There are 2 protein chains.
Amino acid sequence: MSSIQEVAALAQVSTATASRALSRPEMVALSTRQRVMQAAQELAYQPNALARSLRQRETRTIGLIVSDILNPFHALLAKGVQDTAEQHNYVTFLFNSDEQPEKEARAIRTLLGHLPKGLIVVPTSGTRQHLASLPELPVVELDRVTGNPEATTITVDNIGGAHAATTHLLGLGHQRIGMIVGRQDISTAVERQRGYQQALSEAGLDADPALIRSGNHREAAGYQAAHELLALPPHQRPTALFVGNNEMTIGAVLAARELGLEIPRDLSLVGFDDSRWAQTMSPPLTVIAQPAYALGQHACEHLLGLLGGKRASTPAQMQLPTELIIRHSTGPPPLS
Amino acid sequence: MSSIQEVAALAQVSTATASRALSRPEMVALSTRQRVMQAAQELAYQPNALARSLRQRETRTIGLIVSDILNPFHALLAKGVQDTAEQHNYVTFLFNSDEQPEKEARAIRTLLGHLPKGLIVVPTSGTRQHLASLPELPVVELDRVTGNPEATTITVDNIGGAHAATTHLLGLGHQRIGMIVGRQDISTAVERQRGYQQALSEAGLDADPALIRSGNHREAAGYQAAHELLALPPHQRPTALFVGNNEMTIGAVLAARELGLEIPRDLSLVGFDDSRWAQTMSPPLTVIAQPAYALGQHACEHLLGLLGGKRASTPAQMQLPTELIIRHSTGPPPLS
DNA sequence: GTGAAAGCGCTAACAG
DNA sequence: CTGTTAGCGCTTTCAC
C-alpha cells in the first residue's frame with residue numbers, strides 16, 4: 001500500500017498539498033490537482049483510514065449490535081442499516097449479542113476501541129446498564145428499547161400489532177386465545193402482551209393467566225410453551241395461539257404438528273414477524289408483518305442525523321406500523 | 001475516552017511503562033504493574049485501536065465479503081467466520097456484494113483502507129480480477145472459487161452433492177430430470193451441473209440440453225426457469241427438477257404450485273442447500289445440505305493460519321462433504 | 001525495570 | 001495556492 005508521501009513525491013508536491021488535492025480539491029490549483037490525482041491513480045493510492053481517523057479524531061464508522069443475525073428479521077435490520085450507512089460513506093461494524101449481556105458488553109468494549117461515531121443497538125436485558133457507563137456516544141435503540149427516556153428509538157407498533165392479531169382471532173369466534181410471549185425484560189415482549197390483553201378486555205374477556213406462557217425467544221421455548229398450553233384439559237385448552245416472535249412460532253407449529261392438530265381446523269395460529277418460511281409453510285401463516293429493512297434504514301438515518309449537528313434536539317422516538325397479513329393458519333374455532 | 005497518558009499520569013509512570021504494563025506485563029515490576037492496572041481500571045481505559053494499529057503497522061481485523069447476507073446460507077457462513085474471528089480476538093468487517101462486481105470492488109477498496117490482515121470472500125464473477133490487483137493480502141475463497149490455482153479455498157463437494165441428488169432421483173425411476181442451475185461464471189453452478197451430468201451419464205442417459213436452464217440465483221430466475229421447463233410438451237417435460245440453489249428453489253416451488261402440480265405426485269424436487277423453509281414447507285423439501293457454519297469456521301481458521309507464519313506453505317484447498325436429506329418432495333415419477 | 005524520544009500516515013494550523 | 005511543522009495515541013527502540 002502506497003502512502004501519501006509516495007504520491008506527493010511522484011507529483012512533486014508536499015504531502016500537505018497532496019492531501020488537499022485529494023480531499024479538498026478546490027483548495028488547490030487545477031494543474032497541481034491533476035498531477036496529484038494522476039500520481040494517486042498510478043500508485044493505486046488508498047488512504048490509510050486509521051491514520052486519517054487518528055489525526056482527525058473521528059472515524060466514519062458506526063457500530064451495530066443485533067441479537068441474532070441468523071434470525072431473518074435481524075438480517076434485514078442489518079442490511080437496512082448497512083446499505084444506508086454505505087450510502088453516506090460510513091462503514092458498519094456488525095456484532096451479535098446472541099441475547100447474552102456479556103457478549104453485548106464485550107462487543108461494546110471492542111467497538112469503543114475503534115471509535116465509532118455512533119451505535120445502533122437491538123438491546124438485550126443488560127443493555128441499559130452497559131450504555132449508562134458510556135461516554136458521549138450517540139446511540140439509537142432499534143426494535144426494542146431499554147426504557148431510557150433520553151434514548152432515540154426506532155420501533156414498531158407492537159401494541160397495535162398484537163391488538164390486531166388478537167382482534168382477528170376474536171373476530172373468527174375464538175374465546176380462549178393463548179399467547180406465547182418473549183422474556184419479560186424485553187420491551188417488545190411486554191408490549192405485545194399488552195396489546196393482546198387490551199384486545200381481550202375490549203372484547204369483554206379477561207386474559208386468563210393460565211393461557212400465557214413466557215419463553216426465551218428461541219424455537220425450543222416456543223415448542224415447550226405450546227406443548228404446555230395444548231396439554232390443558234379440553235374445555236380450557238386454547239383454540240388459538242398468538243406467538244410473539246418468529247423463532248418461537250416455529251416451535252409452536254412443530255408442537256402442534258406433533259400433537260396431530262391440524263391448522264387451522266383444530267388450532268388457529270398467528271405469528272409475529274413475517275418470513276420466508278411463514279409464507280411457504282403449510283398452511284401459509286397468518287402474521288403480523290414488520291417493516292424490518294425500513295426499520296434499519298431509519299435507525300441509520302437518525303443516527304447520522306444525530307451526528308450532523310442538532311445534538312441537543314429532543315430524542316426522537318419513531319414508531320413504524322405493522323401489518324396483519326391474513327393467510328391460512330387462522331379460521332373459526334372447532335365446535336366443541 | 002481516556003488515553004494511556006492519563007493512565008500513566010494517574011499511576012505515576014511514563015506512558016512507555018504504562019503501555020508495557022498493559023500489553024507485556026512480564027516486562028514490568030509487579031508493584032508498578034498493579035498500579036497501572038488499577039489506574040486503567042479506574043479510568044475505564046480502552047486502548048485506541050487506531051493508534052495502536054497505526055504504530056504497530058498491523059490491525060487485528062479481517063474482511064469478509066458475502067454475496068447476500070439475507071440468504072440464510074450466507075448468514076450462517078458469516079456467523080461461522082465471525083464467531084471464530086472473535087475467539088481469536090479479531091474483528092470482522094462484513095460486506096455484501098449483492099452479486100454485483102462493482103459493489104464487491106468498492107467493498108474491497110474500503111476494506112483496504114482499514115488495513116485488514118486478511119480477506120475471506122465469497123467470489124462473484126469479477127472477483128478474480130479485483131483480487132489480482134491486490135497487494136500481498138492473504139485471501140481465502142469461501143464456498144465459491146475464482147479459479148486461481150494459487151488461492152486457498154474452502155468449498156463444499158458440489159459435484160458429489162449434485163451427483164447424489166441426481167442419483168436419488170434416478171433411483172426413484174425418473175428419466176427426464178431437469179436442472180435449474182446458477183450462472184455459468186460461478187464455480188458452484190458449473191460444478192453442480194457437472195455432478196448432475198455425471199450421474200446421468202453413469203446411468204446411461206444423455207443430459208438433454210433442453211432440460212437445463214440457467215438463472216441468476218434469485219427467486220425470480222428459478223420461477224422463470226421452472227415455468228419454461230414445465231411448459232414443455234408432456235412427453236418431454238421433466239418429471240423431476242434438481243435446483244442448484246436455495247433462492248431459485250423457492251421460485252421453482254412457486255411455479256409448480258401455480259401450475260397446479262402437486263409435489264411429489266406430479267413433480268419431484270430436490271434443492272441445494274437446506275434451510276428453515278425447506279423443512280417447514282409443504283411438503284418438506286428433499287435437499288443437499290451444506291455445513292455452512294463449519295465452512296465459515298474453517299475459512300477463518302485457515303486465514304488466521306496463513307497469518308501465523310507459514311506464508312510460503314502450499315495453498316490449502318479444503319472441501320467439506322454435503323449430505324442428501326430425503327424428505328417428502330421426491331417420489332416416483334407419475335405414470336405417463 | 002523504567003523513561004525519553006521517535007515515528008506510524010495523515011491533516012490542520014500557520015506562514016508565506 | 002503551497003510548504004513547513006506539529007501532533008493524533010500508541011508502541012518500541014535505545015539509553016540508563
Side-chain angles (χ1 to χ4, degrees), chain A residues 1-37 39-40 43-61 89 91 109-117 135, chain B residues 1-37 39-40 43-61 89 91 109-117 135:
Chain A
M1 290 267 307
S2 43
S3 72
I4 200 165
Q5 315 233 25
E6 311 179 46
V7 175
L10 183 56
Q12 316 216 51
V13 294
S14 71
T15 58
T17 303
S19 171
R20 281 190 285 251
L22 264 11
S23 326
R24 283 97 155 288
E26 74 283 1
M27 291 183 67
V28 148
L30 180 62
S31 66
T32 359
R33 187 193 320 170
Q34 287 175 333
R35 275 210 323 287
V36 174
M37 297 291 221
L43 297 170
Y45 170 67
Q46 180 71 29
N48 180 329
L50 275 44
R52 174 182 289 180
S53 296
L54 183 60
R55 171 66 235 234
Q56 295 186 146
R57 326 187 74 207
E58 72 171 26
T59 60
R60 277 189 90 82
T61 61
N89 255 290
V91 169
R109 234 175 305 124
T110 307
L111 219 35
L112 248 34
H114 291 267
L115 311 189
K117 286 195 66 175
Chain B
M1 290 269 305
S2 43
S3 73
I4 200 166
Q5 315 232 26
E6 310 179 46
V7 175
L10 183 55
Q12 317 216 53
V13 294
S14 70
T15 58
T17 304
S19 170
R20 280 189 285 251
L22 264 12
S23 329
R24 286 105 154 284
E26 73 284 359
M27 292 184 66
V28 147
L30 180 61
S31 65
T32 2
R33 187 194 316 169
Q34 286 176 333
R35 275 208 327 281
V36 174
M37 297 291 218
L43 296 171
Y45 170 67
Q46 179 71 31
N48 181 328
L50 276 46
R52 173 182 288 179
S53 297
L54 182 60
R55 170 66 234 239
Q56 296 186 147
R57 325 185 79 209
E58 72 171 24
T59 61
R60 278 190 87 82
T61 61
N89 256 289
V91 169
R109 233 175 305 123
T110 307
L111 220 35
L112 248 34
H114 291 266
L115 312 188
K117 286 195 67 174

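Chain letters run A, B, ... following the sequence lines, proteins first and then strands; every chain starts at 1. All figures in this text were calculated on a predicted structure; none of them were measured in a lab.
The CD-P distance, from A:Gln12 to D:dT2, rounds to 13 Å in whole Å. Across the protein-nucleic acid pair, B:Gln46 atom CD and D:dG9 atom P stand 15 Å apart, rounded to whole Å. The nearest whole Å value for the distance from the CG atom in A:Asn48 to the P atom in D:dC8 is 18 Å. Nucleotide D:dC1 holds its C1' atom 15 Å from the CD atom of A:Gln34, rounded to whole Å.
For A:Glu6 against A:Met1, the heavy-atom pair with the smallest separation is OE2-O, 4.1 Å. Nearest heavy-atom pair across A:Leu115 and A:Thr61 is O-OG1, 4.0 Å. In terms of heavy-atom proximity, A:Ala18 sits nearest to A:Ala8 at CB-CB, 4.0 Å. For the pair A:Arg52 and A:Ser23, the tightest heavy-atom approach, listed with the atom from each and the gap, is NH2-OG, 4.3 Å. A:Ala11 and A:Val36 get closest at one heavy-atom pair: CB-CA, 3.8 Å.
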Between A:Met37 and A:Leu22, is the side chain to side chain contact (heavy atoms under 4.5 Å, CB included) condition met? List the steps.
CA-CA 7 Å; A:Met37 297 291 221; A:Leu22 264 11; 4.0 Å; yes
Could you walk me through whether A:Asn89 and A:Arg60 pass the side chain to side chain contact (heavy atoms under 4.5 Å, CB included) test, one step at a time?
CA-CA 7 Å; A:Asn89 255 290; A:Arg60 277 189 90 82; 3.9 Å; yes
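Scanning DNA chain C 5' to 3' for nucleotides with an atom closer than 4.0 angstrom to a non-hydrogen atom of chain B gives a first and last hit of C:dG1 to C:dG9.
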For DNA chain D, the expected dot-bracket line (Watson-Crick or G-U under 3.5 Å, [ ] crossing, | inter-strand) is ||||||||||||||||
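A distance of 11.0 Å separates CG in A:Leu30 from CZ in A:Arg35, rounded to the nearest 0.5 Å. The CG atom of A:Leu50 sits 15.5 Å away from the CZ atom of A:Arg55 when rounded to the nearest 0.5 Å. To the nearest 0.5 Å, atom NZ of residue B:Lys117 and atom CD of residue B:Glu58 are 4.0 Å apart. In this structure, CD1 in A:Ile4 is found 10.5 Å from CG in A:Asn48, a value given to the nearest 0.5 Å.
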Readout for nucleotides 11-16 of chain D: B = base within 4.0 Å of protein heavy atom, S = sugar-phosphate only, - = neither; 5' to 3' it is BBB---
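If you find the closest nucleotide of DNA chain C to B:Ser14 and to A:Leu50, the one lying nearer the 5' end belongs to B:Ser14.
Among the protein residues, B:Thr32 comes within range of the sugar-phosphate backbone only, with heavy atoms under 4.0 Å from sugar or phosphate atoms but none that close to a base.
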